[in-house]
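Structure first, commentary second.
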Amino acid sequence: MPSRTASSRPARTAAALAALVLSACAGPSARLGVGVPVGPFSVGVGVGSGGVSAGVGTGVGPVGVGVGVHPSGQVTGGVGVGASVPMGGAHVGAGVGSSTVLHDPYRPSQPPAPAAPSSDSPPMQWRDAQGRIVPECQVRGGC
């Protein structure tokens, strides 16, 4: 059995934390995730109230960041802080985080059109410096 060095512990803790962040990518709900360290990153799968998600993340110390993709095509980004402890050959962690939707293929990408002026509002009237109504033709220079 290979010996574990002190230098591999931060990398494993970061990987476990990144998996935790990935598992929290769907917002403030309970999630469970598993991550596999791949270099400085962790590739993970999470399951929770929003369904299954897959993603990649990384962490330094107790802080982790990640990006997840849901089967619907929604892409989320998350950041979190947490801690993990070794349990057997794996690390088990807990933490808190926040996420946001970066891309949703079912949400319209264009802003909604401005509302049309309501027909029940009175027409605009111009007034001069003394408060007298100015005829429309005079405003346009056609009188």
Side-chain angles (χ1 to χ4, degrees), residues 1-129 131 133-142:
M1 182 168 170
S3 66
R4 294 190 178 148
T5 64
S7 65
S8 68
R9 184 170 182 195
R12 290 175 189 233
T13 302
L17 181 61
L20 175 68
V21 170
L22 283 174
S23 69
C25 273
S29 62
R31 299 195 56 83
L32 176 63
V34 175
V36 176
V38 178
F41 301 102
S42 179
V43 178
V45 175
V47 178
S49 61
V52 177
S53 63
V56 64
T58 190
V60 175
V63 179
V65 295
V67 177
V69 179
H70 301 275
S72 66
Q74 188 180 59
V75 178
T76 56
V79 63
V81 61
S84 67
V85 294
M87 191 172 279
H91 281 255
V92 176
V96 294
S98 179
S99 67
T100 187
V101 175
L102 301 173
H103 172 71
D104 187 349
Y106 298 106
R107 181 175 45 185
S109 60
Q110 61 189 11
S118 64
S119 60
D120 57 347
S121 64
M124 181 185 282
Q125 293 182 337
W126 294 92
R127 297 186 181 263
D128 63 10
I133 295 176
V134 177
E136 182 74 23
C137 65
Q138 193 174 8
V139 171
R140 306 262 184 242

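When reading the values below, keep in mind they use all heavy atoms of this one structure, side chains included, and skip hydrogens, waters and symmetry mates.
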Inset, instruction - For V75, enumerate each residue passing the side chain to side chain contact (heavy atoms under 4.5 Å, CB included) test, keeping only those at least two apart in sequence or located in another chain. - result: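 V67, V69, L102, H103.
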Inset, instruction - Not counting sequence neighbours, which residues clear side-chain hydrogen bond (donor to acceptor under 3.5 Å, both in side chains) with E136? List them please. - result: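 side-chain hydrogen bond (donor to acceptor under 3.5 Å, both in side chains) check on E136 returns R140.
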Looking at every non-hydrogen atom in both residues, tell me the closest pair between [X] and [Y] and how far apart they are.
X	Y	result
V134	D128	CG2-N, 3.6 Å
H70	V52	ND1-O, 3.8 Å
P105	S72	CG-O, 3.5 Å

